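Just so it is clear, the values below take in all heavy atoms, side chains as well, and ignore hydrogens, waters and symmetry mates. Since the model is a prediction, treat every value here as computed from it, not as a measurement.
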2 protein chains.
Amino acid sequence: MREDLRQDDYELLARLAERYYIDERTQEELAREFDLSRPKVQRLLELARRTGVVTIHVQAPPWLRLELERELRGRFGLADAIVCSSGPAPEARREAVAQRAAQYLERRLHDGSVVAVGHGRTAGAVPRYFRPGNRLDATFVSAMGGSPRIDAPTNPNEICRALADRCGGRAESLYAPAYVESAEVRDQLLAQEAVAATLELSAGASLALVGIGATDDDCTMVRSGCLTEVEVARLRRQGAVGDVLGNYFDIEGRPVSSPHQERLVALSVETLRQIPTVVATASEPEKPAAILGTLRAGGVSVLVIDEANARAVLELAGRSGAGPVPGGEGAGDLAPSGFGPPPSPARAALSGVL
Amino acid sequence: MREDLRQDDYELLARLAERYYIDERTQEELAREFDLSRPKVQRLLELARRTGVVTIHVQAPPWLRLELERELRGRFGLADAIVCSSGPAPEARREAVAQRAAQYLERRLHDGSVVAVGHGRTAGAVPRYFRPGNRLDATFVSAMGGSPRIDAPTNPNEICRALADRCGGRAESLYAPAYVESAEVRDQLLAQEAVAATLELSAGASLALVGIGATDDDCTMVRSGCLTEVEVARLRRQGAVGDVLGNYFDIEGRPVSSPHQERLVALSVETLRQIPTVVATASEPEKPAAILGTLRAGGVSVLVIDEANARAVLELAGRSGAGPVPGGEGAGDLAPSGFGPPPSPARAALSGVL
DNA sequence: GCCCACCGTGAGCAAATGCCCAACGCCGGG
DNA sequence: CCCGGCGTTGGGCATTTGCTCACGGTGGGC
């Protein structure tokens, strides 16, 4: 900074800046006092900012990682990123992330809100911290089928119920497993009024809460019995690094098309993109690649993760492929809610792709 | 600062502040993103400023004494104060002050401007530094009579001529001495069309440049032969500490009524107050009391002095009488051009008091 | 010496901001 | 339990701000 300002200019800038920013006078007053045109005062003040004569500092609380959040937002066009710092204990990390996600939900939910819910260990921890001040008439609806272990706390239906309990809202369960035996069975399921209605409801949600899954042998899909280690290994071989609602991506964010996709009962990524705010959570140490793939796939608009994952994702993104977004800093190109392209209404996308 | 903000609040403030001040998003965008009303965002941002979460710093050039200037402005209701720091050599100080005063004039003068001019060593040094970029059709007119030594460079007429030379403007001389023998002689002089017209012109000036005189044995009035040491001593005994245009004040800014006043050919203080911008200069080490008295008398709206005098004046004001103005800091009560009370047009004041 | 390109300037307008006020909900008192 | 007061909220408007654009002046090029 500090370009080649002559002494006089520098002095004028400082005087103007002081009067404007410290004394809170208006530009018009300054224009009169300094005998300049109002637009000129405005240009000079802008110059003062650009050249560093005026410095605006935000005293961030030390526990916040605003830099990381800013970089995540900038790189991946997120509407928001929340990075929780916490000790090395995986438990603590998950709880911290869950707490912040819960806090975020509290702020965003109103009477009448409809929330599409995915699965995952971290997402499953969210209800524990979800305590809206007053009773909230919100609807929580499963956005994907459940696992064989029906009452597992990582099960979408279960998370919906817990969230609804916490705020006095309603839970809409999806009576279907995440993966069925075949495409035919899936189509039969979707033909059922109850299943179709539930999925349609979740497709029209104003907010979604989803977990980001990995593809290691110990991932949630395996632990919950939705997929076998063999199936996950096959996905890995096809390049899959992670999933959202059972939709798998490679590290570049490209969908991994596999037989599983046709057996999946869940919102598609295209449908997810129609949801204005998609909150994704992750906290496990084996997640960086999964998170990166998901972010690149688009659709996620708010990311809640722990600091270690945040740094790992950024590092990974820095090395591999697509590189950073041009204006990685500054006002940046802001994509408030995920995406531009897909213009079709939720309903069309639902019947089309799902 | 830093009130008792809860952690959550603090965090919200920091996030908002960062997005607003660093990323330069609008309050409306933030309201949408954080799901708050726009007015609430505005209140939170204000809170962030008040509590010090946001700090705006003006990187003042080291040679500026903005603090001193601010205090002078606040204490004495000045529209502007310019403090020049310079070494202990009196010459250097005077030149520095003169230079800044000249610079100020350059900024304020336009074609058609009329400038009332007083006398003094520092004021006399101003023309040397007066170099407006392009030729300026301004009129410089003596606001007080001259000294016996007609061509002294501290003489108003001489200063007018020099200023006019520097910019291609016109000089209007006042053909009269500062002090005449008696009130009767003064009245005769004022009855003369040339003298009356000149004084009237200066009374209607849009800007005045005056020196602040002291009452020591070596003051300008004595050096230039306007008054004798004996006369100045008598003024001192009456409490006079300084003068503007030959009008003497005590340390509280009260006019010192003395026989001299009736023999003076110059604008009265009341008339001076009608002039929108009155620039007063001083740089000599024996001036603090004179400056203080003048400032308290009101009428001066822009003060150009050296750092030593600035500090001395403030110290003196701190100890003696009237104490500091209530809102010594902050947005302060701003009196853009000297005063409120005297409502009579320049002409009335002129014929009345002069 | 003349012409052209360019920078800096200020009018005018649309957006953003600050602020007032009425309505609401919460809390303490009766 | 009901009521009054106080703090908080967001709608709506006046002001302030950012920005575009056409203009005039200036310096360089021919």
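Looking only at side-chain heavy atoms (C-beta outward), B/L47 and B/D9 stay at 4.5 Å or farther from each other. Looking at heavy atoms from C-beta onward, A/L30 lies out of side-chain contact with A/L44 at the 4.5 angstrom threshold.
Here C/dT17 presents its C1' atom at 13 Å from CD of A/E24, a figure rounded to the nearest Å. If you take CD of B/E46 and C1' of C/dG18, they are 9 Å apart, rounded to a whole angstrom. Taking atom CD of B/Q42 as the reference point, atom P of C/dA15 lies 20 Å away to the nearest angstrom. To the nearest angstrom, P of C/dG12 lies 13 Å from CZ of A/R38. Rounding to whole angstrom units, CG of residue B/L47 and C1' of C/dC19 are separated by 17 Å.
One cannot find a donor-acceptor pair under 3.5 Å joining the base of C/dG18 and the side-chain atoms of B/R43.
Within the model, atoms CG of B/L45 and CZ of B/R19 stand 12.0 Å from one another, a figure rounded to the nearest 0.5 Å. Of the inter-residue distances, the one linking B/R108 atom CZ with A/E33 atom CD reads 8.0 Å to the nearest 0.5 angstrom.
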Under 3.5 Å, which donor-acceptor pairs do the side chains of residues 97-107 of chain A form with other protein atoms, sequence neighbours left out?
{"unit_1": "A/R100", "atom_1": "NH2", "unit_2": "B/E11", "atom_2": "OE1", "d": "3.1"}
{"unit_1": "A/R100", "atom_1": "NH2", "unit_2": "B/E11", "atom_2": "OE2", "d": "2.1"}
{"unit_1": "A/E106", "atom_1": "OE2", "unit_2": "A/R131", "atom_2": "N", "d": "2.9"}
{"unit_1": "A/R107", "atom_1": "NE", "unit_2": "B/F34", "atom_2": "O", "d": "3.2"}

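A side-chain contact (heavy atoms from CB on, under 4.5 Å) with B/V279 is found for one member of B/V126, B/V210, B/L209, B/I82 and no other, namely B/L209.
OP1 and OP2 of C/dA16 both lie 4.0 Å or more from every side-chain N or O belonging to B/Q27.
Where DNA chain D meets chain B (any atom under 4.0 Å from a heavy atom), the bounding nucleotides read 5' to 3' are D/dT9 to D/dG12.
Of the candidate nucleotides C/dG10, C/dC13, C/dC19, C/dG10 has the atom nearest to the side chain of A/K40.
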